[in-house]
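Chain letters run A, B, ... following the sequence lines, proteins first, then strands; residues in each count from 1.
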Amino acid sequence: MDYKKLADMLFPNITKTISYYEETLFPDRGLPDGAKVTRLAPSPTGFIHLGNLYGAFVDERLAHQSNGVFILRIEDTDEKRKVEGAVETIINSLEFFDLRFDEGAGINGETGNYGPYFQSNRAEIYQTVAKHLIEMGRAYPCFCSEEELSKIREQQIAENVNTGYYGKWAVDRDLTLEEVKKHLDNNDSFVIRFKSMGNPEDTFEIDDAIRGRISSPVNFQDIVLLKANGIPTYHFAHVVDDHLMRVTHVVRGEEWLSTLPIHYELFTTLGWDLPVYCHTAHLMKMDNGVKRKLSKRKDPELGLEYYMQLGYHPAAVREYLMTILNSNFEEWRIQNPDSSIDDFPFTLDKMSNSGALFDLNKLNDVSKNVLVKIPATEIYDFLLNWAKEYKKEIVNPLTEHKDAVIKLLDVGRNSDKPRKDLIYCEQIFDFISYYFDEYFKIVDNYPENIDDQEAKKLLKAYLETYNHSDDQNQWFEKIRVIAAENGYAAKPKDYKKNPEMYKGHVGDVSTVIRIAIMGRSTSPDIWELQQIMGEEKVRNRIQSLI
RNA sequence: GGCCCAUUGGUCAAGUGGUUAAGACAUCGCCCUUUCACGGCGGUAACAGGGGUUCGAAUCCCCUAUGGGUCACCA
C-alpha cells in the first residue's frame, strides 16, 4: 500500500508539514525551568459551572505560581452545541472570580503566538497531522455509514465481544487505493480513523499528578480523528493542540480517565512527549442520603450564576475552593491569616482524588472570615455593584445613605474579636435593611413575659429619658433604671438568683427597645445603631408604637 | 455488562507498617454577655465488610459491597 499516495489523494491541498508547525510557527516557548503551561479548554455551551471554576483554578495556580502561561482555548468542534455569546459569558465569569488568562481567546480578540485559539479555526493544522498519520500508515479513511456502524455493533453484541471499530470489524481499514478513489469520485462522505496497533490484552501505566500511578488496558479502537466535516474529535484536538501550544500540564475532570489510553497511543505514535495529566475529582452533592455528582439540571448551586446572584464575594468563593482543592490550605491560612491566597504554595499532590461534597455551610463560614478582613468601604462598593446587577430597587437607597451604610457594615468589626455578620450580598442587605424606612418591618415578637401594654409603658419611659448625646454607658444606665423602676432586675444575675422577685431582667427591656427600633430581637449593639440612624429616626420609630 | 477510579466522624479531611486516629465546618453543652454575633472551654461522632501478609495494618494483597466515571463523527 502506498500510504503517501493515499494521503495526497485525501488531502491534496495540505502542503505544510508538522515540522513547519513545530519549528517555525510554534517553537519551544523558551520558558524558565519549571514554568508550567496550562490551559482551560471549555466548549462554548454557555454554561460554566463550579466544577469548571474548580479546574480552572488549578490551571491558573499552576501557571502563575511557576511564571508559566495560562491559556484559554475554545473547543468549538461540535457545531450543534455552540451557543451565541457563550465565549463572552465564560470569560466574564472567570474574570469575575479573578482568574486571568495570559493567552488565548479574549473579549477583544485573541492574544498569543500559538493560536488560533478557537479549534474551529485550526482545521488546517489538524489535517496536516492527520495527513502525516496517513503517510505513516496509522490513519485511514472510513466510509462507513451510521447504519453500517450500528449493524457492526449489533453483531458484536450478539457475539458478546467488545463493541466498536477495531481489528477485523474495522472493515475499511485496508481499503485499496482504487476503492478509496471510487468512494472519493462518488463524493462519499468519510471520516479519518486512527489505526490502532493496541492489543486489548495489553496494559500500560502512566503517572497522574493527582492520582498517582494508574494502569489500564491499552487502546485498541480505531477512533475517529477527523469528522466528516474535517473538524477533529476531542481526542485528536487535545493531542494536537496541547502539543503545539506547548502545554505542559493537562488539568481535566476524571471523566477523561477512561479515554486516556487513546491519548496515550496518539502521543506515542506521533513521537511526542506526553503532558503531565492531572485528573481532578468531581464535585459531589448529598441527595437523600447518597453522594452524587452535581448536576447542572438539578442543582442550581452548581451554576456560577447562583453565587453571583446571591452576591458571594469572589474572594470568598476562591478561598472556599482552595480549601477543597488543597487539604493543607486551612492550616496554612490559620498560620498566615493576612497573606494573599496567591502566596499559598498550591500543590497537585495535596489534591484529593475522591469527589468532594460541596458544602454550603463551609462556604458561608469561609465567606464570613474573608469578608471580615475586607474594609467596609470595599464591601459597600461590592454590595452596590451587586445591587446594580441583581437588586436594582436598592441602588437608590444604598447610594443616598452611603455613609450610614458603610457605618452599618462596619459595626463591631474593629476590635480584637470582630463581628462576623456578613456573608453574601443578599444576606448583608437583609442584615441592614431595617435602617431604611421602606424596608423596616417588625418581624419578631416581644419576649413572652411582656405584653403590648407593658411594652408601651417601657417604650414611653425610654423615650422620655432618651438623650441622643448620651454615651454608651450613660445610655445603658438609663435602661437599667427603667428596668428597675418597672420591676425588672437591673442585672441578669440578680434575676437568675431570684426569678420570682422580678418580671424579667434588663435584657427583656432592651429587647423591647431593639424590636421597636430594628424590628427584630437580634442585632448588633443598639446604641451604636442609634448613633448611625440618627435621633429623628430613633424617636419616630418609638413614637409610632406608643 | 466490560473497563477504569474511589471509599477515615454528618461534611471537608490529616495519616504512606507501631498515633490516646489530628484539624476545620456543622452539631450539642458550658463560660463571656442587655439580644445576636465574636471569642474561650468542653462533649458526641470515623478507618465500608470479609479474608490474608506481618510480632504489629487505616496504611500492603485478594474478594465482596457501595458510589462515581466511561464505552459517539459530544466534550
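- In this structure, A:D525 reaches the bases: a heavy-atom distance under 4.0 Å links it to at least one base atom across the strands shown.
- Listed nucleotides B:A75, B:U34, B:C5 differ in distance to A:S43; the shortest reach to its side chain belongs to B:A75.
- B:U19: no Watson-Crick or G-U partner with both key distances under 3.5 Å is found in any strand.
- For A:E254, the listed nucleotide lying nearest its side chain is B:C5; candidates were B:C5, B:C38, B:U33.
- When the P atom of B:C36 is taken as reference, atom OH of A:Y434 falls 16 Å away, rounded to whole Å.
- Nucleotide B:A13 forms a pair with no other nucleotide shown, judged by Watson-Crick or G-U wobble geometry with both contacts under 3.5 Å.
- Judged purely by atom type and a 3.5 angstrom limit, A:D471 uses its side chain to pair as donor or acceptor with the backbone of A:Q474.
- Among the atoms of the strands shown, only primed sugar atoms or phosphate atoms (P, OP1, OP2) are found under 4.0 Å from some heavy atom of A:V224.
- Panel note: side chain A:R211, backbone A:H279; a donor-acceptor pair is recorded below 3.5 Å.
- Pair check for B:U54 finds none; no Watson-Crick or G-U wobble contact set falls under 3.5 Å.
- The partner of B:G42 is B:C28, by the rule that a Watson-Crick or G-U pair needs both atom distances under 3.5 Å.
- Base pairing of B:C36 is not made with any nucleotide, judged by Watson-Crick or G-U wobble geometry with both donor-acceptor distances under 3.5 Å.
- Nucleotide B:A65 forms a Watson-Crick or G-U wobble pair with B:U7, both donor-acceptor distances falling under 3.5 Å.
- For the pair A:N449 CG and B:U34 C1', the interatomic distance rounds to 14 Å; values are reported in whole Å.
- One can place CD1 of A:I479 at 12 Å from P of B:U35, the figure rounded to the nearest angstrom.
- Here B:G1 sits opposite B:C71 as a Watson-Crick or G-U wobble pair (both hydrogen-bonding atom distances under 3.5 Å).
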